[in-house]
Amino acid sequence: MIAALTQLLVLQLVGEVIARGLNLPIPGPVIGMLLLFLALALRRGPTSDLQSTSQGLLQHLSLLFVPAGTGIVLHLHRVADEWLPLLLSLLFSTVLTLALTALVMRLCARRAVTGE
């Protein structure tokens, strides 16, 4: 478990270093997840240790929302001041996500029917 957690944290750290070093607008953990995806694709899947550790983390995923909820409560005055841009960005991103998901599903269904 320690090796798997170390692997996840090192990839997050590398992503953070890349994001800050290249001054990218993408968060470091997102880059770390992309690096993890590439590593898993190259290895053709996770090791059993990484898989069991990830399952354990996913079972307690709700605990990771406590800091975000605390931040919202702490900065509730900013949310109240900027509710319209927040609402519009949430609506736009939700509609965009639904549209892209529908497009990907349509493409996947078409490939499944044609056998590509």
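Sequence positions, counted from 1, serve as the residue numbers for this chain.
No path of Ile, Leu, Val, Met, Phe, Trp and Tyr side chains, each step under 4.5 Å between heavy atoms, connects I18 with F37, placing them in separate hydrophobic clusters. Hydrophobic clustering, with ILVMFWY side chains joined whenever heavy atoms are under 4.5 angstrom apart, keeps M33 apart from L42. Taking hydrophobic clusters as Ile, Leu, Val, Met, Phe, Trp and Tyr residues chained together by side-chain heavy-atom distances below 4.5 Å, V30 does not share a cluster with V17. Residues L57 and L36 share a single hydrophobic cluster, defined by chaining ILVMFWY side chains whose heavy atoms lie under 4.5 Å apart. At a threshold of 4.5 Å between side-chain heavy atoms, the hydrophobic network of Ile, Leu, Val, Met, Phe, Trp and Tyr places L87 and I72 in two separate groups.
Once rounded to the nearest 0.5 Å, the distance linking CZ of F65 with OG1 of T70 reads 13.0 Å. The OG atom of S93 lies 9.5 Å from the CG atom of L98; values are rounded to the nearest 0.5 Å. Note that CG of L96 and CG of L91 are 12.5 Å apart. Values are rounded to the nearest 0.5 Å. If you take CD on Q51 and OG1 on T47, they are separated by 8.5 Å, rounding to the nearest 0.5 Å.
Checked by atom type and distance alone, the side chain of T53 never pairs as donor or acceptor with a backbone atom of L50 at under 3.5 Å.
Annotation for G15 and L35: closest pair N-CD1, 4.2 Å, computed over non-hydrogen atoms. Taking every heavy atom of both residues into account, I26 and A19 meet most closely at O-CB, 3.4 Å. Between P85 and E82, the shortest heavy-atom distance links the atoms CD-O, 3.3 Å. For the residue pair P46 and L40, the shortest heavy atom distance occurs at CA-CD2, 3.5 Å.
Counting non-hydrogen atoms of other residues, nucleotides and ligands closer than 6.0 Å to CZ of R106 gives a total of 12 or fewer. The local environment of CD1 in I2 is sparse, with at most 12 non-hydrogen atoms from other residues, nucleotides or ligands closer than 6.0 Å.
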* To do: Could you give me the CA-CA distance, side-chain angles and deciding distance for Q12 and L9, then say whether side chain to side chain contact (heavy atoms under 4.5 Å, CB included) is met?
  => CA-CA 5 Å; Q12 182 177 349; L9 290 174; 4.1 Å; yes
* Residue pair L11, I31: steps toward the side chain to side chain contact (heavy atoms under 4.5 Å, CB included) verdict -> CA-CA 8 Å; L11 287 172; I31 295 172; over 6 Å; no
